[in-house]
Asker: 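Below is a structure I'd like to ask you about.
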Amino acid sequence: MACSGCILIHYSSIGGKRNEELILPINSSLSVTLHQDQLKTTTTVAANRDFPEDRIWLNGKEDNINHPRLQSCLREIRRLARKRRSSGDDNISKILNYKVHICSVNNFPTAAGLASSAAGYACLVYSLARLYGVEGELSEIARQGSGSACRSMYGGFVQWIMGEREDGKDSLAQQVEPENHWPELRILILVASAEKKHVGSTAGMQTSVKTSPLLKHRAESVVPGRMEEMIEAIKKKDFEAFGQLTMKDSNQFHATCLDTYPPIFYLNQVSQRIIGLVHRYNAYYGTTKIAYSFDAGPNAVIFTLDPTVNEFVEIVKRSFPPESNGDPYLKGLAVSPVSLSQDLLSAVETDVFPGGVSYVIVTQPGPGPMESQDISVDLLGTDGFPNASG
């Protein structure tokens, strides 16, 4: 059973948790799921009577199967499968007596602020659900692995409704619009660092909830109205409103990081230069043609429309020239070289920062997890252990 899951990038209303065990947020949030053709997690799961224990391999290395969040997902899927077994499904009864092997690989940097846990847990829950024959609402289970994973269960534009119940049963994901709603929208990932974060998202937000007055103000007074505005901008495909809301929300999220004690620094010098570049570019045109968002890491997520991609990528290449290490600088959707006017260059360029951006991934909104019928992508061999690719 192989599954491809997609990376999910926040662009509005990132916040903390009111219940860490159930992963219940202090505010609702919005995100876009990116296309699996460019960024994905691939997960294979297998159940066999000869497996003596549950095991998991992540990006080529065996990991801890007893991690509490992972166990929550496994336990809940198996609980639902046992309920289905009571309806007389003999095949499910047999599989429930077996242990599972799980193998998962990301094709993008892990723990670097690119929502690898969201993609990973969404793909894991989807794969386990298919294995055990579990159907219905799965975002509540994915949320127990990684909060953002609940949104990755759907494609396109997705909101995570915070809910009010103490048991979290109403804290679910809901698709706002499908992936084909805004066909001109493009997303560029500017990878400024593939290194693992010094402060993880969960630990960072736990500290923010305890120490940041700004976070409380944001959750209570800013996010509800901003959610409504963002959903309206998406439905109307209003990039001016969408772009400004995206940047303001990203800025305020990182302001709460600085308001945290001790402060958290996710952005680096390259991140700050990208922010300045975007604002100079928009100022030159007198409108919002480019928008940035930064999650808990230094890597920039750039939103724009298709006609702007070639020109802005050319500017990024000039501002952050690639190092000659043989690796491709541009990945994903095709980009064509263009000539830049001297007026534009004079308006946006500052000192170049060679190697500041390692590479750029060009993508677009995409679907949620899906089962692959291509056996060549299976990460587990016939013996239930990782292939060379896993």
Side-chain angles (χ1 to χ4, degrees), residues 5 8 10 12-31 33 54 64-87 89 92 96 100 102 115 117-154 158-176 200-210 212 215-216 218-224 226-228 231 296 368-369:
L8 172 147
H10 305 248
S12 178
S13 306
I14 305 166
K17 308 294 188 300
R18 69 179 190 270
N19 183 315
E20 282 294 337
E21 183 178 355
L22 295 177
I23 313 186
L24 302 178
I26 62 173
N27 57 258
S28 298
S29 56
L30 268 164
S31 61
T33 303
D54 294 331
N64 180 17
I65 192 70
N66 293 315
H67 189 286
R69 292 188 174 188
L70 178 57
Q71 284 297 312
S72 292
C73 295
L74 271 168
R75 186 167 54 249
E76 187 62 14
I77 287 288
R78 284 167 167 163
R79 183 187 69 81
L80 293 175
R82 281 192 292 272
K83 288 181 64 177
R84 177 169 178 176
R85 179 181 62 179
S86 63
S87 66
D89 192 322
I92 298 301
L96 275 169
V100 296
I102 303 163
S117 62
Y121 272 105
C123 204
L124 171 69
V125 168
Y126 180 87
S127 299
L128 289 171
R130 297 288 291 171
L131 176 70
Y132 287 111
V134 173
E135 300 174 346
E137 172 58 56
L138 298 174
S139 70
E140 181 193 351
I141 303 173
R143 189 202 72 228
Q144 296 176 46
S146 170
S148 299
C150 72
R151 292 183 305 244
S152 285
M153 298 304 298
Y154 296 94
V158 189
Q159 64 173 324
W160 176 9
I161 301 170
M162 63 177 287
E164 298 178 355
R165 291 176 50 163
E166 292 299 318
D167 63 4
K169 295 297 183 182
D170 59 348
S171 184
L172 306 169
Q174 181 182 76
Q175 188 180 64
V176 174
S201 308
T202 299
M205 291 315 301
Q206 285 175 344
T207 307
S208 295
V209 168
K210 293 176 182 177
S212 172
L215 181 63
K216 186 175 188 298
R218 169 178 160 79
E220 295 176 355
S221 303
V222 177
V223 169
R226 189 166 281 171
M227 284 284 293
E228 293 179 4
I231 290 173

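A quick note: this is a predicted structure, and the numbers were derived from the prediction, not measured. Positions are given from 1 along the sequence.
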Asker: Will you find, in the side chains of Trp160 and Ser171, an N or O donor that is under 3.5 Å from an N or O acceptor?
Answerer: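 Trp160 vs Ser171: donor-acceptor pair found between side chains.
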Asker: Please assess Leu128 against Ile141 for the test side chain to side chain contact (heavy atoms under 4.5 Å, CB included), listing each intermediate value before the final yes or no.
Answerer: CA-CA 11 Å; Leu128 289 171; Ile141 303 173; over 6 Å; no
Asker: What verdict does the side-chain hydrogen bond (donor to acceptor under 3.5 Å, both in side chains) test give for Ser127 and Arg130, after you've listed the backbone C-alpha separation in whole Å, the side-chain angles of each residue and the deciding distance to 0.1 Å?
Answerer: CA-CA 5 Å; Ser127 299; Arg130 297 288 291 171; over 6 Å; no
Asker: Side chain to side chain contact (heavy atoms under 4.5 Å, CB included) between Gln144 and Glu21: does it pass, once the steps are laid out?
Answerer: CA-CA 8 Å; Gln144 296 176 46; Glu21 183 178 355; over 6 Å; no
Asker: Which pair of non-hydrogen atoms, one from Pro224 and one from Ala219, has the smallest distance, and what is that distance?
Answerer: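 Pro224 and Ala219 have their closest heavy atoms at CD-O, 3.5 Å.
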Asker: Quick one: list whatever passes side chain to side chain contact (heavy atoms under 4.5 Å, CB included) with Ile231, sequence neighbours left out.
Answerer: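 Per chain and number, Ile231 pairs via side chain to side chain contact (heavy atoms under 4.5 Å, CB included) with Leu30, Gln159, Val176, Lys235.
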Asker: Under a 3.5 Å cutoff, is there a donor and acceptor pairing between the side chains of Ser29 and Arg151?
Answerer: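 Arg151 and Ser29 do have a side-chain donor-acceptor pair below 3.5 Å.
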Asker: Between Ile65 and Leu74, is a side chain to side chain contact (heavy atoms under 4.5 Å, CB included) present by the stated rule, with each step listed?
Answerer: CA-CA 10 Å; Ile65 192 70; Leu74 271 168; 4.2 Å; yes
Asker: Are the side chain of Ser139 and the backbone N or O of Ala173 linked by a donor-acceptor pair below 3.5 Å?
Answerer: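 Side chain of Ser139 to backbone of Ala173: a pair is present.
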Asker: Rounded to the nearest 0.5 Å, how far does OG of Ser28 lie from CD of Glu228?
Answerer: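 Reported value, rounded in 0.5 Å steps: 10.5 Å.
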Asker: What residues form a side chain to side chain contact (heavy atoms under 4.5 Å, CB included) with Glu220, not counting sequence neighbours?
Answerer: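 Partners of Glu220 under the side chain to side chain contact (heavy atoms under 4.5 Å, CB included) test: Lys216.
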Asker: For the side chain to side chain contact (heavy atoms under 4.5 Å, CB included) test, which of Met205, Lys210, Gln206 pairs with Ser208?
Answerer: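 That would be Met205.
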Asker: Under a plain distance cut-off of 3.5 Å, with no hydrogens placed, do Arg69 and Ser72 share a side-chain donor-acceptor pair?
Answerer: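 No donor-acceptor contact under 3.5 Å links the two side chains.
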Asker: Between CG of Leu24 and CD of Glu166, what distance do you get to the nearest 0.5 Å?
Answerer: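 The CD atom of Glu166 is 8.0 Å from CG of Leu24, to the nearest 0.5 Å.
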Asker: Who passes side chain to side chain contact (heavy atoms under 4.5 Å, CB included) against Val134, sequence neighbours left out?
Answerer: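 With sequence neighbours excluded, Val134 shows a side chain to side chain contact (heavy atoms under 4.5 Å, CB included) to Ile77, Leu80, Ala81, Ala129, Tyr132, Leu138, given in chain and number order.
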Asker: For Asp167, which residues count as a salt bridge (Lys or Arg N to Asp or Glu O under 4.0 Å) partner, sequence neighbours excluded?
Answerer: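 Checked Asp167 against salt bridge (Lys or Arg N to Asp or Glu O under 4.0 Å); matches are Arg165.
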Asker: Going by the salt bridge (Lys or Arg N to Asp or Glu O under 4.0 Å) test, which pairs reach into residues 136-145, not counting sequence neighbours?
Answerer: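 Qualifying pairs: Glu140-Lys169.
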Asker: Checking the side chain of Asp170 only, and the main-chain atoms of Glu164 only, is there a donor and an acceptor separated by less than 3.5 Å?
Answerer: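 Answer holds: yes.
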Asker: Do Arg82 and Leu96 come close enough that some side-chain heavy atom pair is under 4.5 Å?
Answerer: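 Of all side-chain heavy-atom pairs linking Leu96 with Arg82, at least one is under 4.5 Å.
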Asker: Please evaluate residues Gln174 and Val158 with respect to the criterion side chain to side chain contact (heavy atoms under 4.5 Å, CB included), reporting the C-alpha separation (whole Å), side-chain torsions for both, the decisive distance (0.1 Å), and the verdict.
Answerer: CA-CA 6 Å; Gln174 181 182 76; Val158 189; 5.9 Å; no
Asker: Between atom CD1 of Ile102 and atom SG of Cys123, what is the distance when rounded to the nearest 0.5 Å?
Answerer: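 Separation between the atoms: 11.0 Å.
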Asker: Check for a donor-acceptor pair, side chain of Ser117 on one end and backbone N or O of Ser146 on the other, with a separation under 3.5 Å.
Answerer: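 Side chain of Ser117 to backbone of Ser146, a donor-acceptor pair under 3.5 Å: no, none is there.
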Asker: Arg78: what forms a salt bridge (Lys or Arg N to Asp or Glu O under 4.0 Å) with it, not counting sequence neighbours?
Answerer: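 If we apply the salt bridge (Lys or Arg N to Asp or Glu O under 4.0 Å) test to Arg78, skipping adjacent residues, the hits are Asp54.
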